[in-house]
Amino acid sequence: MAVHNHYNFSGRHAAITGGAAGIGLAIATRLVEGGATVSLWDRDKQALETAQAALGAQHARVEQVDVSDEASVQSAADATAKAAGAIDILVNSAGITGPNTSVWEYPVAEWDRVMRVNLRGPFLCCRAIAPYMRSKNYGRIVNIASVAGKEGNPNASAYSASKAAVIALTKSLGKELAKTGITVNCVTPAAVRTAIFDQMTQEHIDYMLSKIPMNRFGKTEEIAALVAWLCSEDCSFSTGATFDISGGRATY
Ligand code: NAD
């Protein structure tokens, strides 16, 4: 998809978790096109190297991070702020689906794993980066939640619950920072074909498509276009808000 509009991100630095692949990488690409420099935070070293080569090392630095690990996140935040001078933008895109099964068959260890990555991860990243943004009185935080967090997909309870919690985390932090120059918003995409589909059953993928009135999957570039606006200075009177991008699935 051609990019038609640009926001001016020159002089801005963005930390993007899950930035080595899928939606996170599409967001990184869009921000770099607008003149930003980015730090890609991901646990996948090889994917980080490939993404950095695609974006250009002058535009993208990388941090191998496990977002569910407090020490790993703190050291990545400190290293990013030191290298870039500031962290103006944080996008929390790292996430996993967990298994597709009923609540009564859901392995407890898998539930904990999904919550650690999808909820504890964004919490730790917001917690570590908010002080850097507060010191400059400027920031844009965007959390990638999901329509599953609004609707509760069957056979995806941990995923749905973790994304509902990310929506609430966004609301809380948005209010905490409302009198600063920092905004905090989230987006709730319906299904977008990325490598994350490899973690789901075909039955679940079919279910998600059947719920989308546009009768197609979203594109990573479409998510990046909305997130780019949320990361821009133009987005100045929205905070703690949830932006739907679901091909008509959720009309609230
Ligand atoms: P993806 O699998 O293509 O990319 C996710 C990235 O996160 C990968 O590079 C992976 O290595 C990284 N990651 C996973 N766990 C991590 C951890 N503990 N620490 C650091 N990095 C980690 O998936 P995607 O489709 O790009 O999804 C991105 C986000 O969008 C996720 O939060 C997902 O829940 C959300 N989302 C996706 C869809 C969809 O259908 N693709 C729909 C709604 C919401």
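First listed ligand is number 1; within each ligand, the first listed atom is number 1.
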Numbering as shown, the atoms of ligand 1 that approach D66 to under 4.0 Å (heavy-atom distance): 17 (C), 18 (N), 19 (N)

statement: Min over D44, V192, D42 of heavy-atom distance to atom 11 (O) of ligand 1 lands on D42

query: Which atoms of ligand 1 are found less than 4.0 Å from any heavy atom of T194?
result: 3 (O), 23 (O), 24 (P), 25 (O), 41 (N)

field: Ligand-side contact atoms (ligand 1) for residue partner S93, heavy atom cut-off under 4.0 Å
entry: 28 (C), 29 (C), 31 (C), 32 (O)

task: Would you please determine whether M208 falls within less than 4.0 Å of ligand 1 on a heavy-atom basis?
output: no

field: Winner among A47, G18, G19 once heavy atoms are compared against atom 6 (C) of ligand 1
entry: G18

task: Please step through side chain to side chain contact (heavy atoms under 4.5 Å, CB included) for the pair I182 and R134, ending with a clear verdict.
output: CA-CA 8 Å; I182 306 164; R134 291 185 69 212; 3.8 Å; yes

message: Heavy atom to atom 4 (O) of ligand 1, shortest distance: which of A21, A145, G24, S72 holds it?
response: A21

query: Can we say D88 and K136 salt-bridge, meaning some charged N sits less than 4.0 Å from an Asp/Glu carboxylate O?
result: no

query: Run the side chain to side chain contact (heavy atoms under 4.5 Å, CB included) check on L226 and F243 step by step: do they pass?
result: CA-CA 8 Å; L226 173 57; F243 288 79; 4.0 Å; yes

field: K163 N/O under 3.5 Å from ligand 1 N/O
entry: yes

- prompt: If you measure only the distance, is there a donor-acceptor pair under 3.5 Å linking the side chains of N155 and Y207?
  reply: no

query: Numbering the atoms of ligand 1 from 1, which are under 4.0 Å from a heavy atom of V117?
result: 15 (N), 18 (N)

field: Flag, side chain of T17 to backbone of S93, donor-acceptor distance under 3.5 Å
entry: yes

query: Looking only at non-hydrogen atoms, which of C125, G95, P189, A94 approaches atom 22 (C) of ligand 1 most closely?
result: A94

query: Does any N or O atom in V67 lie less than 3.5 angstrom from one in ligand 1, N or O only?
result: yes

- line: Under 4.0 Å between heavy atoms, the region of F217 that gets near ligand 1 turns out to be neither

message: Check this for me - ligand 1, R43, N or O atoms closer than 3.5 angstrom, yes or no?
response: yes

- prompt: Can you tell me if A191 has a non-hydrogen atom under 4.0 Å from ligand 1?
  reply: yes

message: Checking the N or O distance criterion of under 3.5 Å, is ligand 1 in contact with A20?
response: no

query: Is the shortest distance from a Lys or Arg side-chain nitrogen in E233 or R12 to a carboxylate oxygen in the other one below 4.0 Å?
result: yes

